[in-house]
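In what follows, every chain begins at residue 1, and chains take the letters A, B, ... in the order their sequences are listed.
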Protein chains: 2
Amino acid sequence: MSKSPTTKSRALGKVTLSEVAAHAGVAPMTASRAINQPELVSATLRERVDKAILELGYVPNRAARALASAQSKVIAVLVPSLSNAVFTAVLAGIQDALDPCNYQILIGNTRYSDAEEEKLLFAYMQSNPDGILLSGLTHSPRVQQMLATSRVPVVSMMDLSPEPGAMSVGFSQVDAGYAMTRYLLDKGRKRIGYMAAQLDERTLRRAEGYRKAMREAGLADPALELLVPEPSTIALGAELLGRMLAKVPELDAIFCCNDDLAHGAIFQCQRRGISVPEQLAIGGFNDLPASAWMKPSVTTVGTPLYQTGFEAASLLLASIRGSEVAAQRIDLGFTLMARESA
Amino acid sequence: MSKSPTTKSRALGKVTLSEVAAHAGVAPMTASRAINQPELVSATLRERVDKAILELGYVPNRAARALASAQSKVIAVLVPSLSNAVFTAVLAGIQDALDPCNYQILIGNTRYSDAEEEKLLFAYMQSNPDGILLSGLTHSPRVQQMLATSRVPVVSMMDLSPEPGAMSVGFSQVDAGYAMTRYLLDKGRKRIGYMAAQLDERTLRRAEGYRKAMREAGLADPALELLVPEPSTIALGAELLGRMLAKVPELDAIFCCNDDLAHGAIFQCQRRGISVPEQLAIGGFNDLPASAWMKPSVTTVGTPLYQTGFEAASLLLASIRGSEVAAQRIDLGFTLMARESA
DNA sequence: CTGAAAGCGCTTACAG
DNA sequence: CTGAAAGCGCTTACAG
């Protein structure tokens, strides 16, 4: 009550629920109900409490509520990158799905690193999240263990889990890789290269699809693959185009594991005077905004990014609420966007 | 102690500090110290506690700690967009600066909306953040009021505050807008258009710089400006190029308020057979990755995105720690990148 | 260096 | 519909 403001007290010095209650002439419990379950409070008292809140400028203390209720109202989201437009699109979907529910979203950027993912997950676990959204299917043993121990609902995004109990939302990366390769094959291309960076699990699964299609066509050749661990950028796409051509001069098509690489490869072709698609067909992945507008426009695989985030968050919400979860595994599919570059 | 696991108890059912302490044969206080200030605990006890933590799989409860210590170890960051590469670059800098300090970062996407900003800030205030990072200088009265009431340290990013006490990190948007216009003028261009989207405060300040330069050159003409409120995209850049040209056929240069618009405008020129920069010079803003690689490469203004985030977070940290904050206003400058498009 | 007591600001679980 | 009691899991502020 009478703490001198200069004394370093352990309290925040902010307005508390009790003060609101006192101001409104009710018990703290009633003030709490007026805020969280107003329908259980008589109109008169509810108004008195609302007035007190406004007059005092009351801001609820989330930590206290979390501690008392054992519910954090926190959802943790782990994505491998924020600079990659792919994941910001997924995040937009998540935000929209979660927006009405008043959850606090913890966004963690793992930077494609298992160690970072472990660190972030451990940090987030301390907030007792009500649910977790993860990118991809494969995680380190320690991450798997933390998840198993906590028994928090988890939804995986961007690929489909083969495990029966697991919740996942996305599409088959293998099938999508296969589809693009098949498309290039159908266009009559024979020497089709696969160019990939980052080497995350999705990139590798697209490579599987590529190999399957090439094998079926009797055109498989390891020399056609160029996979590097560096982060995927336009600059890298430009560089890899050069290396690819040096390795396989008779190349007639390239499937880039994503659009950044494809854009870089196309810019490089323009600088070298290689005509796309006449001399070299180029396919990308994810259909980033520039792909539709570049000249030549980029043939690529349209993927349900926003929707993946939206559906994954919705599934997680349903699971948190304990309602019967219809589909544990939501296949959103993909679309081959045939344009000018291939 | 003996709660049946089927009973819905108010507790989380997780291992607590007290259990760790009991397991290690010490008081809870000692276990707490072993975790937070290990140097104050004897080696023997420290090891016993560490062992107990491992064996029990203890995860600290952040809410309890926050409540008891009146310190949240949370920093809230509000950015107007996540799909815009500008802000993800800023975020990367923030993450790197904050990484060693074990803060939890709350990333809020205001979507360029004052209402959203208010909503997010109010939600974040409930977590009692130790500090706040804001984008831009201008905010709604309610946001200003929340900030003032809370007395939480705030650092503004992306522009320089004229207010003496305020902390800000960025560069002068007006000066940068002026510099690009001056550059086009120096190239001998006369009918220089300004094309802008979103109409956020930065876009408007760049417009001020543009107008100043045009006025000084005696070439100012309101007809040369095309400002629209829609979000900035490549598609919009392509569309605005058309509208601009229809309005001012003799246009010989365009300053686009950002690179997305510039890319769209250039793609549109390529589709219409307009040569850049011969017939039309095009300048952009922010130096996104594609700008260096496109053909023609894009003349633009390089801005210290990552650094802004890094320095802003560092300044905030210093302010939270109460150390003498050297510069309240950090001007990181900008760089005109002269390339092929202008 | 170690610990017993009290309290942070809420909500749960009961009563009435 | 309203409220008094107890407790969530930690840390502060004191003692020893």
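Looking at residues two or more places apart in sequence or on another chain, you find a side-chain hydrogen bond (donor to acceptor under 3.5 Å, both in side chains) between B/S81 and B/S83. Residues meeting the salt bridge (Lys or Arg N to Asp or Glu O under 4.0 Å) test with B/R65, sequence neighbours left out: none. Looking at residues two or more places apart in sequence or on another chain, you find a side chain to side chain contact (heavy atoms under 4.5 Å, CB included) between A/A24 and A/V26, A/R48, A/V49, A/A52. Applying the salt bridge (Lys or Arg N to Asp or Glu O under 4.0 Å) criterion to A/D114, with sequence neighbours excluded, gives no partner residue. For the side chain to side chain contact (heavy atoms under 4.5 Å, CB included) test, residues two or more places apart in sequence or in another chain that qualify with B/A312 are B/L133, B/V155, B/M157, B/V169. Scored by the side chain to side chain contact (heavy atoms under 4.5 Å, CB included) test, A/V143 finds A/E117, A/E118, A/L121, A/H139, A/S140, A/L147 as partners (sequence neighbours excluded). Residues meeting the salt bridge (Lys or Arg N to Asp or Glu O under 4.0 Å) test with A/R202, sequence neighbours left out: A/D200. Applying the side chain to side chain contact (heavy atoms under 4.5 Å, CB included) criterion to B/T138, with sequence neighbours excluded, gives B/E201.
Rounded to whole Å, the distance from CG on B/L67 to P on C/dC8 is 9 Å. The distance between atom CZ of B/R65 and atom P of C/dC8, rounded to the nearest whole Å, is 19 Å. Between the C1' atom of D/dC10 and the CD atom of B/Q71 lies a distance of 14 Å, rounded to the nearest Å.
A/S32 has a side-chain polar atom (N or O) that falls below the 4.0 Å cut-off from OP1 or OP2 of C/dT11.
Evaluation of atom-type donor-acceptor distances gives a pair under 3.5 Å for the side chain of B/R33 against the base of C/dG3.
Across the interface with DNA chain C, nearest-nucleotide mapping of B/A64 and A/S69 shows B/A64 to be the residue nearer the 5′ end.
Residue pairs meeting the side-chain hydrogen bond (donor to acceptor under 3.5 Å, both in side chains) criterion with at least one member in residues 17-26 of chain B, sequence neighbours excluded: B/T16-B/E19, B/H23-B/E55.
A donor-acceptor contact shorter than 3.5 Å links the side chain of A/R62 to the backbone of A/K73.
Between A/D96 and B/R111 there is a salt bridge, with a side-chain nitrogen of the basic residue lying less than 4.0 Å from a carboxylate oxygen of the acidic one.
For B/M29, taking side-chain heavy atoms from C-beta onward, the closest of the listed nucleotides C/dT12, C/dC10, D/dT12 is D/dT12.
For the segment residues 35-55 of chain A, residues with any heavy atom less than 4.0 angstrom from an atom of DNA chain D are, sorted by number, A/L40, A/V41, A/S42, A/L45. DNA chain D is contacted by B/T16, B/L17 of residues 15-24 of chain B, taking any non-hydrogen atom closer than 4.0 Å.
Taken together, the paired segments of DNA chain D that extend over three or more consecutive Watson-Crick or G-U pairs, each closer than 3.5 Å at both contacts, are C:1-3 with D:14-16, C:5-12 with D:5-12, C:14-16 with D:1-3.
Counting any heavy atom pair closer than 4.0 Å across all strands shown, A/A27 reaches sugar-phosphate atoms only and no base atom.
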